[in-house]
Peer 1: 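Submitted below is the structure of interest, expressed as structure tokens.
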Amino acid sequence: MNFDFSEREEGFRKDVRAWLEQNLPDDLRGRAFAASRADVEEVRRLRAWQKTMAEAGYVGMDWPREFGGRGAPITEMVILYQEMAESPQIVNRGGVSMLGPTLMKLGTPEQQRRFLPRILTAEDLWCQGFSEPNAGSDLANLQTRAVLDGDHFVVNGQKVWTSMGHVADWCFLLVRTDPTAAKHKGISFLLVDMKTPGITVRPLRQITGEAEFNETFFDNVRVPKENLVGTLNEGWSVAITTLAYERDLLTFVRHISLRNALHRLVKLVQARGRNTDPVVRQKIAELWIGEQALALNGYRSLTKILRGGAPGPEGSTSKLFWSQLDQELALTATQVIGPYSQIAEGSAWAPDHGQWQFYELLARGSGIRAGTTEILRNILGERVLGLPKD
Ligand SMILES: Cc1cc2nc3c(=O)[nH]c(=O)nc-3n(C[C@H](O)[C@H](O)[C@H](O)COP(=O)(O)OP(=O)(O)OC[C@H]3O[C@@H](n4cnc5c(N)ncnc54)[C@H](O)[C@@H]3O)c2cc1C
């Protein structure tokens with residue numbers, strides 16, 4: 001496989017770079033890392049930025065043209081993400097990378113027409129309503145109920161850890177529509193307008209100090225029947241599709257963020273004169289090799305998706321490996337900085353504006369979101385290696 005970029009691709013890189021230089025607002029420059037999705041005003045700025053990018057054709061580039069994308073090859077996506085190293089990632093990531101591909105595959109033509117364009121522009125910001133207090137790793141245990149009443153489902157129950165639920169316009173929601181069926185049956189996948197009466201969103205503060213998470217309560221929430229994705233009671237297979245995209249495509253995006261963080265770490269090590277320390281050098285080399293392995297695996301599964309295949313359980317390898325690297329990278333940075341690494345953004349003493357402290361705390365969640373480390377190991381054991389089920 002040839003990993004060099006062609007002349008045409010380097011031309012595309014130049015175009016993207018020039019476009020970003022001209023269009024990225026000053027207040028978002030260099031905010032790849034710190035842009036907060038908890039702050040309402042910041043989210044407003046990030047939405048406007050995504051809209052600008054979408055209008056220039058830089059969001060959902062890999063989506064087929066019929067759905068508003070460019071049908072771009074993987075190489076162009078890689079180049080785009082690389083060039084976006086100093087700008088924030090798109091804010092409607094769950095919409096673009098999880099729900100969008102799911103709707104393109106399983107949505108009705110009407111759902112595709114109505115929702116896909118507004119996902120790209122972030123005019124509709126989406127959140128994911130899967131987890132519940134007693135349904136996380138064991139997602140199929142979910143208890144939020146939806147009962148069909150005429151042309152509407154009536155939803156009652158509670159979701160938790162809803163990232164960006166406080167700012168989202170819509171939610172892709174898993175509900176139980178047949179409580180008598182076996183656990184993985186009787187689940188349905190609904191698209192819910194967050195402004196519907198009966199929805200209450202309560203923020204949950206995280207270890208980083210931010211409240212990007214929420215508890216979301218549904219009290220007799222009426223959802224039109226046409227907002228069902230796929231077949232009634234067959235929502236589990238829709239959810240599996242969505243989660244596979246989360247582990248696969250999103251991990252790919254995360255690997256670029258990881259590479260950018262690694263570059264920042266190298267600069268940090270140099271600035272602190274630790275680049276002659278053999279232990280630090282060894283650690284950086286390990287992280288570098290890990291990042292390369294992650295990138296190559298990412299290219300392999302993205303190539304499969306772009307050739308018309310669907311993401312498979314092997315995406316779990318990338319997610320698992322990425323989360324380990326992410327945590328090791330954060331830890332290495334804090335070890336290089338020493339006790340000062342505990343100082344948060346906002347203090348004049350905070351090294352690098354507190355970004356490493358924030359990173360270290362945020363990375364705690366990397367081994368939990370999109371499948372915990374233990375669950376991913378189970379998937380790999382059972383579905384990739386063919387070992388007996390636990
Ligand atoms: C940053 C972040 C963002 C998130 N955003 C969202 C969101 O937007 N929407 C949403 O719906 N959810 C979201 N989540 C929730 C996430 O999907 C769940 O936290 C995750 O699925 C784990 O579920 P849980 O927290 O209930 O833990 P549990 O499932 O209760 O697990 C607790 C521990 O037990 C272990 N464990 C559980 N079962 C097994 C088993 N069979 N074998 C071995 N070990 C096991 C787990 O690995 C874990 O260590 C987010 C989480 C994080 C960290």
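Index from 1, following the sequence. Both counts, for ligands and for their atoms, begin at 1 and track the order of listing. All figures in this text were calculated on a predicted structure; none of them were measured in a lab.
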Peer 1: Any side-chain heavy atom of K159 sitting closer than 4.5 Å to one from T144?
Peer 2: yes
Peer 1: Just checking, R222 and F153: is the charged tip under 6.0 Å from the six-membered ring centre and within 45° of the axis?
Peer 2: no
Peer 1: Is there side-chain contact between R13 and F5, with heavy atoms separated by less than 4.5 Å?
Peer 2: yes
Peer 1: Do any side-chain atoms of residues 213-221 form donor-acceptor pairs under 3.5 angstrom with protein atoms, and if so which ones, sequence neighbours left out?
Peer 2:
residue, atom, partner, partner atom, Å
N214, ND2, T162, O, 3.0
N214, ND2, H166, ND1, 3.3
N214, ND2, E212, O, 3.3
E215, OE2, Q158, NE2, 3.3
T216, OG1, T162, OG1, 2.9
N220, OD1, N156, ND2, 3.0

Peer 1: For ligand 1, find each of its N or O atoms that sits under 3.5 Å from a protein N or O atom, and tabulate the pairs with distances to one decimal place.
Peer 2:
residue, atom, partner, partner atom, Å
ligand 1, 5 (N), W161, O, 3.2
ligand 1, 5 (N), S163, OG, 2.8
ligand 1, 8 (O), W161, O, 3.4
ligand 1, 8 (O), S163, N, 3.0
ligand 1, 8 (O), S163, OG, 3.2
ligand 1, 9 (N), Q128, O, 2.8
ligand 1, 9 (N), W161, O, 3.4
ligand 1, 11 (O), Q128, O, 3.3
ligand 1, 11 (O), F130, N, 3.0
ligand 1, 11 (O), S131, N, 2.7
ligand 1, 11 (O), S131, OG, 3.2
ligand 1, 12 (N), S131, OG, 2.8
ligand 1, 17 (O), S131, OG, 3.3
ligand 1, 23 (O), S137, N, 3.3
ligand 1, 29 (O), S137, N, 2.9
ligand 1, 29 (O), S137, OG, 2.6
ligand 1, 42 (N), N378, ND2, 3.4
ligand 1, 47 (O), T372, OG1, 2.6
ligand 1, 47 (O), E374, OE1, 2.5
ligand 1, 49 (O), E374, OE1, 3.4

Peer 1: Taking all atoms of both residues into account, what is the closest heavy-atom pair of P64 and M104, and its distance?
Peer 2: CD-SD, 3.6 Å
Peer 1: Taking the ring centre of each residue, are F189 and W236 less than 6.0 Å apart?
Peer 2: no
